[in-house]
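Keep in mind that this is a model prediction, so the values were computed, not measured. By convention in this document, chain letters (A, B, ...) are assigned in the order of the sequence lines, proteins followed by strands, and residues within each chain are numbered from 1.
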2 protein chains.
Amino acid sequence: MPQELQSFKAEFFKALSNPLRIRILELLRDGDKYVHELQEHMGIDSAVVSQQLAILRNRNIVLGVKDGTKVMYSVRDPLLFELLDIAKQIFNHSLNHTIQMLQDMNQ
Amino acid sequence: MPQELQSFKAEFFKALSNPLRIRILELLRDGDKYVHELQEHMGIDSAVVSQQLAILRNRNIVLGVKDGTKVMYSVRDPLLFELLDIAKQIFNHSLNHTIQMLQDMNQ
DNA sequence: TAGTAATATATATAGATTTTAATATTTATA
DNA sequence: TATAAATATTAAAATCTATATATATTACTA
């Protein structure tokens with residue numbers, strides 16, 4: 001694999017490496033939303049939401065469509081949700097492993 | 001989803017958000033390797049490889065097993081490779097989309 | 001066989017760069 | 001003018017990368 005592609009992949013994962021951005025993507029999983037809707041769900045300043053949306057937009061992960069003064073956001077590729085699910089599975093495996101290890105230690 | 005889990009997920013993706021670490025994981029996909037083997041493939045200082053391995057180790061993504069003075073590394077969960085494949089697919093979709101858009105603009 | 005060198009890996013340190021998150025300002029539309 | 005969203009700015013925190021140092025194991029050798 002060429003070195004450039006590795007950098008692109010790394011950039012992609014970097015876009016996902018922030019709790020606010022993960023939260024946004026999970027909210028969008030339940031349906032497209034306006035910025036102010038995201039802001040209300042997350043309970044943070046709308047400028048902060050806009051900042052994080054800009055990062056996801058620049059990486060082509062979400063799409064914003066204007067509707068008057070509002071902007072409706074959606075996730076561009078549904079495969080992203082599959083990716084998040086696999087991440088969760090990996091996470092669960094790792095957690096199970098840790099729990100098992102602690103149990104073994106107490107035997 | 002609890003806020004903590006979002007942070008954990010973000011941490012996980014952060015571990016993947018570096019070109020050297022992506023390279024390491026792709027090399028390990030072809031089979032477990034010693035640090036010096038990784039270092040030779042990557043053509044960088046072994047201290048740099050160790051640093052990056054430490055990050056992957058701390059996030060429970062890889063496992064290092066001592067064998068004399070050497071340490072053999074492997075990926076803990078094969079699901080990780082599935083995750084990388086899906087990332088690649090998302091990436092291809094995005095690229096196709098961009099190409100299509102450029103073509104449309106030239107019509 | 002004790003002492004020392006060589007090898008493999010890990011950790012520590014530090015300066016440069018990047019990211020974060022909060023606030024302020026700007027733009028666009030109703 | 002009021003509202004919705006985006007962008008700019010900034011200080012603090014985190015990350016990166018290179019280099020230096022430390023540790024642990026094996027090999028050598030006097």
Chemist: Tell me: CE of Met42(A) to C1' of dT20(C), nearest whole Å?
Modeler: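 Met42(A) atom CE is separated from dT20(C) atom C1' by 14 Å.
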Chemist: Using a cut-off of strictly less than 4.0 Å between a heavy atom of the residue and any atom of DNA chain D, enumerate the qualifying residues of residues 52-61 of chain A by number.
Modeler: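 Only Arg57(A) qualify.
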Chemist: Taking the six-membered ring for Trp, is the centroid-to-centroid distance between Phe91(B) and Phe8(A) below 6.0 Å?
Modeler: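 Judged by ring-centre distance (under 6.0 Å), Phe91(B) and Phe8(A) do meet the cut-off.
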Chemist: Is the backbone of Ile22(A) close enough, under 3.5 Å, to the side chain of Lys9(B) for a donor and an acceptor to pair up by distance?
Modeler: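 Checking the backbone N and O of Ile22(A) against the side chain of Lys9(B), no donor-acceptor pair under 3.5 Å is found.
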Chemist: Hey, does the side chain of Asn18(B) come within less than 4.0 Å of dC16(D)'s phosphate (OP1/OP2), counting only N and O?
Modeler: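 For Asn18(B), the contact criterion (side-chain N or O under 4.0 Å from OP1 or OP2 of dC16(D)) is met.
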Chemist: May I ask you to decide whether Glu11(B) forms a salt bridge with Lys14(B), counting only side-chain N to carboxylate O separations under 4.0 Å?
Modeler: yes
Chemist: Reading nucleotides 24-30 of chain C 5' to 3', which nucleotides get B (base under 4.0 Å from a protein heavy atom), which S (sugar-phosphate only), which -?
Modeler: B---SBS
Chemist: Could you pull out the closest heavy-atom pair between Ala15(B) and Ile61(B), with the gap in Å?
Modeler: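 Between these two residues, the closest heavy atoms are CB-CD1, 3.6 Å.
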Chemist: At under 4.0 Å, does any side-chain N or O of Lys70(B) touch on OP1 or OP2 of dT9(C)?
Modeler: no
Chemist: If you compare every side-chain N and O of His36(A) against the phosphate oxygens of dA5(D) (OP1, OP2), does one of them come in below 4.0 Å?
Modeler: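 True: His36(A) side-chain N/O within range (under 4.0 Å) of dA5(D) OP1/OP2.
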Chemist: Around atom NE2 of His36(A), are there more than 12 heavy atoms of other residues, nucleotides or ligands at under 6.0 Å?
Modeler: yes
Chemist: For Tyr34(B) and dT7(C), give me the distance from atom OH to atom P, rounded to whole Å.
Modeler: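 Rounding to the nearest Å, OH of Tyr34(B) and P of dT7(C) are 18 Å apart.
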Chemist: For the pair made of CD in Gln6(A) and C1' in dC16(D), what is the distance, rounded to whole Å?
Modeler: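 So the two atoms are 17 Å apart, to the nearest Å.
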Chemist: Could you state the NZ-P distance from Lys33(A) to dA5(D), rounded to the nearest angstrom?
Modeler: 14 Å
Chemist: Expressed in angstrom and rounded to an integer, what is the separation of Ile44(B) atom CD1 from dT19(D) atom C1'?
Modeler: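 Atom CD1 in Ile44(B) sits about 14 Å away from atom C1' in dT19(D).
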Chemist: How many whole angstroms separate atom CG of Leu16(B) from atom P of dC16(D)?
Modeler: 12 Å
Chemist: Is it true that, when you exclude His93(B) itself, more than 12 heavy atoms of the residues, nucleotides or ligands shown sit nearer than 6.0 Å to its NE2?
Modeler: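 Result for NE2/His93(B): enclosed.
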Chemist: Within less than 4.0 Å of OP1 or OP2 of dA8(C), is there a side-chain N or O belonging to Tyr73(B)?
Modeler: no
Chemist: Please check if any side-chain donor atom of Gln100(A) sits under 3.5 Å from a side-chain acceptor atom of Asp104(A), or the reverse.
Modeler: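 Result is yes, a qualifying pair exists.
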Chemist: Side-chain contact test, heavy atoms from C-beta onward, threshold under 4.5 Å: evaluate it for Leu83(A) versus Leu79(A) and give yes or no.
Modeler: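 Not touching, per the 4.5 Å side-chain cut-off.
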Chemist: Taking side chain to side chain donor-acceptor pair (under 3.5 Å) as the test, write out the residues that go with Gln103(A), two or more places apart.
Modeler: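 Gln103(A) satisfies side chain to side chain donor-acceptor pair (under 3.5 Å) with no residue once adjacent residues are dropped.
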Chemist: Quick check on DNA chain C: between Met72(B) and Gln51(A), whose nearest nucleotide comes earlier from the 5' end?
Modeler: Met72(B)
Chemist: Assign the ring pair Phe13(A) / Phe13(B) to parallel, tilted or perpendicular, where the plane angle (0 to 90°) is split at 30° and 60°.
Modeler: parallel
Chemist: Could you give the CZ-to-P distance, from Phe13(A) to dT15(D), as a whole number of Å?
Modeler: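 Answer to the nearest Å: 18 Å.
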Chemist: Rounded to whole Å, how long is the line connecting atom CG of Leu38(B) with atom P of dA8(C)?
Modeler: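 The answer, rounded to whole Å, is 14 Å.
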Chemist: Quick one: which of dA10(C), dT23(C), dT17(D) gets closest to the side chain of Val71(B)?
Modeler: dA10(C)
Chemist: Kindly say if Arg21(B) contacts the phosphate of dT15(D), meaning a side-chain N or O under 4.0 Å from OP1 or OP2.
Modeler: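 Checking dT15(D) against Arg21(B), no side-chain N or O comes under 4.0 Å of OP1 or OP2.
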